[in-house]
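Residue numbers begin at 1 in each chain, while the letters A, B, ... track the order of the sequences.
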Amino acid sequence: SQQGEEDPQALSIQEGENATMNCSYKTSINNLQWYRQNSGRGLVHLILIRSNEREKHSGRLRVTLDTSKKSSSLLITASRAADTASYFCATDITSGTYKYIFGTGTRLKVLA
Amino acid sequence: EAQVTQNPRYLITVTGKKLTVTCSQNMNHEYMSWYRQDPGLGLRQIYYSMNVEVTDKGDVPEGYKVSRKEKRNFPLILESPSPNQTSLYFCASRSRAGGNTIYFGEGSWLTVV
């Protein structure tokens with residue numbers, strides 16, 4: 001099964017509203033990253049949070065990490081139609097090998 | 001410009017006809033990887049490589065082969081494609097240092113009929 005599981009699977013909101021997506025994972029991690037994918041295109045890196053960090057901001061993005069609950073959330077504030085995309089979390093497990101595991105993604109639709 | 005380039009971007013092929021999807025990166029990255037993306041299953045790692053001549057299986061390696069003869073190239077080989085390998089494939093690379101950004105190619109849509 002996937003290391004990362006995003007929740008919800010799909011989300012539809014109005015422009016200007018905030019969008020929150022959650023990611024849960026199973027094993028200890030070094031860091032967690034969030035990626036964005038426009039329909040059928042390659043994934044693009046958004047933000048990285050390390051295991052010793054609890055919160056991180058980048059523009060309209062806010063990421064939190066709770067290692068005790070093995071979960072992370074991505075908040076997009078004041079959403080825009082251009083934010084419509086799928087969002088994935090990726091975890092770098094602490095095995096010492098090159099292993100990033102991606103979740104199944106949240107499909108976000110922002111209605112204008 | 002930092003790039004991961006895959007070819008072909010779109011391909012329809014027939015069962016059993018060997019094909020190769022090429023991948024090249026211009027960032028001198030040590031790590032390269034192949035993923036497939038299927039509806040409801042997210043991205044699943046097929047193979048990865050930690051450096052030249054060092055490759056290992058990911059989560060779904062069956063039916064695929066890879067090679068890493070040069071640092072910049074990491075081709076994915078389907079020796080005898082089957083319809084269940086119809087998918088969207090992504091090549092990715094990143095630097096050795098832990099936590100670095102993963103760079104993805106634009107994807108290769110493969111249909112096996």
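- A chain of hydrophobic side-chain contacts below 4.5 Å, direct or via other Ile, Leu, Val, Met, Phe, Trp or Tyr residues, connects B/V21 to B/V60.
- The cluster map of Ile, Leu, Val, Met, Phe, Trp and Tyr, joined by side-chain heavy atoms under 4.5 Å apart, puts B/I12 and B/W109 in different clusters.
- Looking at A/Q9, there are no atoms closer than 4.5 Å to chain B (heavy atoms on both sides), in backbone or side chain.
- Residues B/I102 and A/F102 have side chains in contact (heavy-atom distance under 4.5 Å, counting atoms from C-beta outward).
- Taking the six-membered ring for Trp and the full ring otherwise, the centers of A/F88 and B/F104 sit at least 6.0 Å from each other.
- The shortest non-hydrogen separation linking B/T101 to A/Q33 is CA-OE1, 4.1 Å.
- No more than 12 heavy atoms of other residues, nucleotides or ligands sit less than 6.0 Å from atom CZ of A/R80.
- Linking Ile, Leu, Val, Met, Phe, Trp and Tyr whenever their side-chain heavy atoms come within less than 4.5 Å puts A/L61 and A/L11 in one cluster.
- Atom CD of residue B/E106 and atom CG of residue A/L43 lie 10.0 Å apart, to the nearest 0.5 angstrom.
- Counting heavy atoms from C-beta on, the side chains of B/L43 and A/I101 never come closer than 4.5 Å.
- Contacts between B/Q37 and chain A at a heavy-atom distance below 4.5 Å involve the side chain alone, from C-beta outward.
- Under a hydrophobic-cluster definition in which Ile, Leu, Val, Met, Phe, Trp and Tyr are linked whenever side-chain heavy atoms come within less than 4.5 Å, directly or via other members, A/I13 and A/M21 are assigned to the same cluster.
- Proximity of A/Y100 to B/Y31: side-chain heavy atoms (C-beta onward) are nowhere separated by under 4.5 Å.
- Both A/L108 and A/I47 are assigned to one and the same hydrophobic cluster, defined by single-linkage of ILVMFWY side chains at heavy-atom distances under 4.5 Å.
- The CZ atom of B/F90 lies 4.5 Å from the CD atom of A/Q37; values are rounded to the nearest 0.5 Å.
- Residues B/Y103 and A/V44 form no side-chain contact, since every pair of their non-hydrogen atoms from C-beta on lies 4.5 Å or further apart.
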